[in-house]
Amino acid sequence: MYVLSALLCAYAGFAALCAITARNVPLVWPKPPSLGVTRALRAAGFLLLALAWVPCYLNWDVPMGTAAWVMILAATGFALVFPFAYAPKRSVQAGGIAAPLALVALLLG
């Protein structure tokens, strides 16, 4: 369950960052988000990416957990980028669903 939690947390972080990238804003938002929303999503994205390290640490300890975290970041980056090309809004919405599911998976693990 720790690996699933890390995957979901990293996916949610990347989705938050992808939703506010200047090039992707017209694809995701009907009108550009305010500066406050942009900053909140940026902070949430980086925080979720950093928090994805915690389940890796709990499962493998520091050296192996850090290596697993880097691989999980790469895997979730691919998992977001490919569907984002065809359904950008749905990919970002899936990230919003993935964040609470990551917490549930972490608590169950």
Side-chain angles (χ1 to χ4, degrees):
M1 288 302 254
Y2 287 132
V3 175
L4 178 64
S5 176
L7 284 167
L8 290 171
C9 196
Y11 185 90
F14 277 132
L17 292 173
C18 194
I20 57 164
T21 303
R23 161 183 166 178
N24 296 333
V25 166
L27 301 173
V28 176
W29 301 89
K31 62 179 187 166
S34 67
L35 185 61
V37 171
T38 302
R39 286 184 179 166
L41 282 173
R42 186 175 295 137
F46 285 124
L47 182 67
L48 285 166
L49 288 176
L51 285 177
W53 181 79
V54 172
C56 295
Y57 165 72
L58 292 174
N59 199 23
W60 289 294
D61 208 20
V62 175
M64 188 63 189
T66 303
W69 175 67
V70 170
M71 294 300 118
I72 284 174
L73 291 181
T76 55
F78 283 125
L80 176 68
V81 167
F82 290 128
F84 190 85
Y86 298 104
K89 286 183 185 179
R90 296 283 184 209
S91 298
V92 171
Q93 289 170 347
I97 294 169
L101 288 178
L103 178 64
V104 170
L106 183 62
L107 293 176
L108 291 177

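Everything quoted here is computed from the prediction, not taken from an experiment.
W29 places a side-chain N or O within donor-acceptor distance of the main-chain N or O of A19, the cut-off being under 3.5 Å.
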Check step by step if side-chain contact (heavy atoms from CB on, under 4.5 Å) holds for L73 and W69.
-> CA-CA 6 Å; L73 291 181; W69 175 67; 3.6 Å; yes
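Nearest heavy atom pair, residue T38 against residue P33, reads OG1-CG, 3.8 Å. Nearest heavy atoms, L7 versus T76: O-CG2, 3.3 Å. Between L48 and G13, the shortest heavy-atom contact is CB-CA, 3.7 Å. Considering all non-hydrogen atoms of both residues, Y2 and G109 come closest at OH-O, 3.6 Å. Pairing each heavy atom of P55 with each of A6, the nearest pair is CG-N, 3.9 Å.
No continuous path of ILVMFWY side-chain contacts below 4.5 Å connects V81 to Y86, so the two sit in separate hydrophobic clusters. A continuous path of hydrophobic side-chain contacts links L41 to L27 [ILVMFWY only; heavy atoms under 4.5 Å]. Grouping the Ile, Leu, Val, Met, Phe, Trp and Tyr side chains by contacts below 4.5 angstrom, directly or via other members, places V70 with F46. Under the 4.5 Å side-chain heavy-atom criterion for grouping Ile, Leu, Val, Met, Phe, Trp and Tyr, Y57 is not connected to M64 through any hydrophobic cluster. One hydrophobic cluster, built from ILVMFWY side chains closer than 4.5 Å, cannot hold both L8 and F82; they sit in different ones.
For the atom pair C9 SG and L51 CG, the distance stands at 5.0 Å (nearest 0.5 Å). With values rounded to the nearest 0.5 angstrom, T21 atom OG1 is found 8.5 Å from R42 atom CZ. Considering CG of L101 and OG of S5, their distance stands at 10.0 Å, rounded to 0.5 Å.
For the pair L106 and M1, the minimum side-chain heavy-atom distance is 4.5 Å or more. Taking 4.5 Å as the limit, some side-chain heavy atom of Y11 sits within range of a side-chain heavy atom of S91. Using a 4.5 Å heavy-atom cutoff, the side chains of C56 and I72 are in contact. Within the 4.5 Å cutoff, the side chain of L17 has heavy atoms near those of the L49 side chain.
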